[in-house]
Amino acid sequence: MADAPAFRLAYVHVLPIEYYPPATNTISILAERPGWNVRVWTSANARGGAAWSHPGLDVRRPFFGKPHRALTGRIAGYLQWHITTALELARWKPHAVIAVEPHSALGVWIYYRTLGGGAPLFIHHHEYYAPEDYARPGMRLLAAAQRIEQDSLLAGARWVSQTNATRMQLMLSTHPKIVPATAHVLPNYPPSEWVAAAARQPSRARANDRTRLVYVGSASFEDTFIREAAQWVAANPERLSLHVVGNNVARDVWDWLSSLRATNITTDPGGIDYPDLPALLAQHDVGLVLYKGNTLNFVHNVPNKAIEYLACGLEVWYPPEMKEMRVFGAAHPNLRTREVNFSELSSMAPMRVEREPVASFPFTAEGALEELTTFLERCARSE
């Protein structure tokens with residue numbers, strides 16, 4: 001008896017997947033389903049470092065152009081990526097398509113509208129873009145893509161998801177063509193293997209009496225309280241230390257941190273590979289989440305870094321501007337989160353905080369993906 005044909009799942013994610021650990025976690029888990037053949041369309045990593053891959057997984061990176069070119073050059077690269085992706089989708093004949101963010105809308109639209117694609121469509125958004133966000137400088141291409149998604153894709157999608165319930169409600173209010181029954185929540189959690197590795201990490205003995213703070217991720221003076229946090233740490237060399245790591249930190253932030261000449265502040269502009277993060281976090285006591293909340297995307301966000309800090313036994317400090325973090329903390333009082341007014345840190349006395357390794361952690365990507373996987377398996381059975 002011949003083996004059943006593989007279930008072909010297309011994952012369309014224009015922005016480089018290396019920038020989004022929740023995306024690579026999702027892809028890895030789906031690719032390991034028996035009888036599933038997952039193929040990814042993304043673009044080249046422009047921040048350096050190795051291109052992400054997964055055993056047996058086909059990751060395609062059509063030419064996308066360079067992000068800092070003039071608008072006409074960006075449009076040419078943009079169109080080339082989407083046309084190439086649409087043609088490859090049509091040739092491959094997937095059984096289902098997952099399109100991530102409005103950035104992916106054009107290629108998916110070409111596949112369905114021009115090339116006769118018939119695979120069920122699943123749409124996921126990592127971020128929440130409010131209507132006013134599309135009016136900002138540099139957003140013209142994304143605004144055009146959002147209109148395509150709004151006008152031609154959302155109404156026919158089998159599944160539309162956001163990372164938390166508040167963001168999903170905002171999407172429903174600003175995207176009236178979404179069928180409410182298709183709306184779902186898909187949180188950003190680390191995979192169970194990563195959580196297990198985090199639990200196995202021993203605490204590193206303190207070399208001094210400092211509370212060890214860490215910040216992982218993107219940072220700019222405009223969007224984060226990195227200046228306020230670093231100044232407070234620099235002013236308390238006996239009680240605090242800070243390590244800042246990320247490959248999407250603004251150049252002026254790195255320069256300014258260096259200019260502080262604070263021996264209790266260390267930096268790693270090269271970033272860190274995701275599998276190595278538990279070992280790094282095990283060396284610290286507090287994980288910082290520093291977004292100022294100057295967009296609704298930041299206000300209504302529980303970043304994946306917050307969950308990763310918690311999984312590694314760190315206490316998480318976040319600013320009051322991040323309202324969704326407050327909601328999360330209230331819903332899970334057993335997890336250590338603390339609201340800190342970073343605008344008034346200079347009046348706050350340093351406190352002693354200890355890392356507390358966790359024996360088990362309730363939030364995993366596998367658990368978060370159960371509902372999506374069930375939907376996709378229905379597609380597989382219907383083929």
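Bear in mind that the values here come from a model prediction, so they are computed numbers and not experimental data.
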K.L.:
Might you point out which heavy atoms bring Leu213 and Leu240 nearest each other, and give the distance in Å?
P.N.:
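For Leu213 and Leu240, the tightest heavy-atom pair comes out as CD1-CD2, 4.0 Å.
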K.L.:
Test Glu32 against His54 for side chain to side chain donor-acceptor pair (under 3.5 Å), laying out the working first.
P.N.:
CA-CA 10 Å; Glu32 289 167 3; His54 186 78; 3.2 Å; yes
K.L.:
What I'd like to find out is whether the side chain of Arg167 reaches to under 4.5 Å of the side chain of Asn301, using heavy atoms alone.
P.N.:
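They are in side-chain contact.
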K.L.:
Please step through ring pair (Phe, Tyr, Trp, His ring centres under 6.0 Å) for the pair His126 and His103, ending with a clear verdict.
P.N.:
CA-CA 11 Å; His126 294 306; His103 304 71; 9.5 Å; no
K.L.:
Check for me, please, whether Ile27 and Trp159 land in the same ILVMFWY cluster - side-chain distances under 4.5 Å, paths through other members count.
P.N.:
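Linked, Ile27 and Trp159 end up in one cluster.
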K.L.:
Is there a side-chain contact between Asp285 and Glu315 (heavy atoms, below 4.5 Å)?
P.N.:
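Not touching, per the 4.5 Å side-chain cut-off.
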K.L.:
Donor-acceptor pair, Lys305 side chain versus Val216 backbone, under 3.5 Å?
P.N.:
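A pair under 3.5 Å: yes.
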K.L.:
For Glu366, does the CD atom have more than 12 heavy-atom neighbours from other residues, nucleotides or ligands under 6.0 Å away?
P.N.:
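Yes.
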K.L.:
If you measure from CG on Asn37 to CG on Leu30, what distance do you get to the nearest 0.5 Å?
P.N.:
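It comes to 12.5 Å.
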K.L.:
Working to the nearest 0.5 Å, report the span between OG of Ser104 and CD of Glu149.
P.N.:
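Interatomic distance, Ser104 OG to Glu149 CD, rounded to 0.5 Å: 8.5 Å.
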K.L.:
Val179 and Leu121: same hydrophobic cluster, using ILVMFWY side-chain contacts below 4.5 Å?
P.N.:
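As far as the 4.5 Å side-chain criterion goes, Leu121 and Val179 are not connected within one cluster.
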K.L.:
Name all residues meeting the side-chain contact (heavy atoms from CB on, under 4.5 Å) criterion together with Ser43; count only those two or more places apart in sequence or in a different chain, and write none if there are none.
P.N.:
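Here the qualifying residues are Pro16, Phe64, Trp81.
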K.L.:
Side chains of Asn25 and Tyr274: does their closest heavy-atom pair fall under 4.5 Å?
P.N.:
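The answer is yes; the side chains approach within 4.5 Å.
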K.L.:
Within the structure provided, determine whether Pro102 and His125 are in side-chain contact (heavy-atom separation under 4.5 Å).
P.N.:
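Yes. Closest side-chain heavy atoms under 4.5 Å.
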K.L.:
Only one of Val327, Val289, Val299, Val302 forms a side-chain contact (heavy atoms from CB on, under 4.5 Å) with Met322, so which one is it?
P.N.:
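Among the candidates, only Val289 passes.
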K.L.:
Taking the side chain as every heavy atom from C-beta outward, state whether Trp194 and Cys312 have any atom pair closer than 4.5 Å.
P.N.:
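Trp194 reaches Cys312 side chain to side chain.
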K.L.:
Please determine whether residues Ile110 and Trp92 belong to a single hydrophobic cluster, defined as Ile, Leu, Val, Met, Phe, Trp and Tyr linked transitively by side-chain heavy-atom distances below 4.5 Å.
P.N.:
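Shared cluster, yes.
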K.L.:
How does the hydrophobic cluster around Tyr19 look, that is, which other residues are in it when side-chain heavy atoms under 4.5 Å mark a link?
P.N.:
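Other cluster members: Leu15, Tyr20.
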K.L.:
Quick check on Arg158: does its CZ atom have over 12 non-hydrogen neighbours (other residues, nucleotides or ligands) under 6.0 Å away?
P.N.:
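Atom CZ in Arg158 is not packed in, count stays at 12 or less.
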K.L.:
Does Trp232 reach the side chain of Phe342, with side-chain heavy atoms less than 4.5 Å apart?
P.N.:
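They are not in contact (no side-chain heavy atoms under 4.5 Å apart), so the answer is no.
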K.L.:
Could you walk me through whether Leu242 and Leu288 pass the side-chain contact (heavy atoms from CB on, under 4.5 Å) test, one step at a time?
P.N.:
CA-CA 10 Å; Leu242 171 64; Leu288 300 180; 3.9 Å; yes
K.L.:
Transitively linked via ILVMFWY side-chain contacts under 4.5 Å: Val249 with Val233?
P.N.:
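Yes, it is one cluster - the side chains of Val249 and Val233 are joined through contacts under 4.5 Å.
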K.L.:
Under the salt bridge (Lys or Arg N to Asp or Glu O under 4.0 Å) rule, what do Glu88 and Arg8 come out as? Steps first, then yes or no, please.
P.N.:
CA-CA 13 Å; Glu88 292 185 357; Arg8 296 186 296 277; over 6 Å; no
K.L.:
Do His82 and Val14 pass the side-chain contact (heavy atoms from CB on, under 4.5 Å) test, and can you show the C-alpha distance, the side-chain angles, and the key distance before you say yes or no?
P.N.:
CA-CA 9 Å; His82 286 280; Val14 177; 3.8 Å; yes
K.L.:
Quick one: does Leu376's side chain get under 4.5 Å of Leu9's, heavy atoms only?
P.N.:
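They are in side-chain contact.
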K.L.:
Can you name the closest pair of heavy atoms from Thr85 and Pro62 and give their distance?
P.N.:
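It is OG1-CG, 3.6 Å.
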K.L.:
If you compare all heavy atoms of Tyr309 against all heavy atoms of Val214, which two are closest, and at what distance to 0.1 Å?
P.N.:
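Nearest heavy atoms, Tyr309 then Val214: OH-O, 3.7 Å.
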K.L.:
Would you sort out whether Tyr129 and Gln146 count as a side-chain contact (heavy atoms from CB on, under 4.5 Å), showing the intermediate values?
P.N.:
CA-CA 9 Å; Tyr129 294 99; Gln146 187 273 336; over 6 Å; no
K.L.:
Using the rule given for side-chain contact (heavy atoms from CB on, under 4.5 Å), can you reason through Leu314 versus Arg355, listing the C-alpha separation, both sets of side-chain angles and the distance that settles it, and then say yes or no?
P.N.:
CA-CA 5 Å; Leu314 280 66; Arg355 175 178 178 260; 4.2 Å; yes
K.L.:
Taking everything shown except Arg261 itself, do over 12 heavy atoms lie less than 6.0 Å from its CZ?
P.N.:
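Count not over threshold, so no.
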K.L.:
Identify the two heavy atoms, one from Glu222 and one from Asn294, that lie closest to each other, and give their separation to 0.1 Å.
P.N.:
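Looks like O-ND2, 2.9 Å.
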K.L.:
When rounded to the nearest 0.5 angstrom, what is the spacing between CZ in Arg39 and CG in Leu57?
P.N.:
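So the gap between those two atoms works out to 9.5 Å.
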K.L.:
Do you see a donor-acceptor pair shorter than 3.5 Å between the side chains of Gln162 and His300?
P.N.:
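Result is no, nothing qualifies.
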K.L.:
Would you indicate whether the side-chain heavy atoms of Tyr291 and Ser218 approach each other to under 4.5 Å?
P.N.:
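Heavy-atom side-chain distance check passes, below 4.5 Å.
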K.L.:
Would you name the heavy atoms of Ala86 and Leu115 that are closest together and state the gap between them?
P.N.:
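Of all heavy-atom pairs spanning Ala86 and Leu115, the closest is O-CD1, 3.4 Å.
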K.L.:
Look up atom OG in Ser346 and atom CD in Glu228, then write down how far apart they are to the nearest 0.5 Å.
P.N.:
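So the gap between those two atoms works out to 10.0 Å.
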K.L.:
Considering all heavy atoms of both residues, which atom of Glu308 and which atom of Leu281 are nearest to each other, and what is their separation?
P.N.:
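Of all heavy-atom pairs spanning Glu308 and Leu281, the closest is O-CD1, 3.8 Å.
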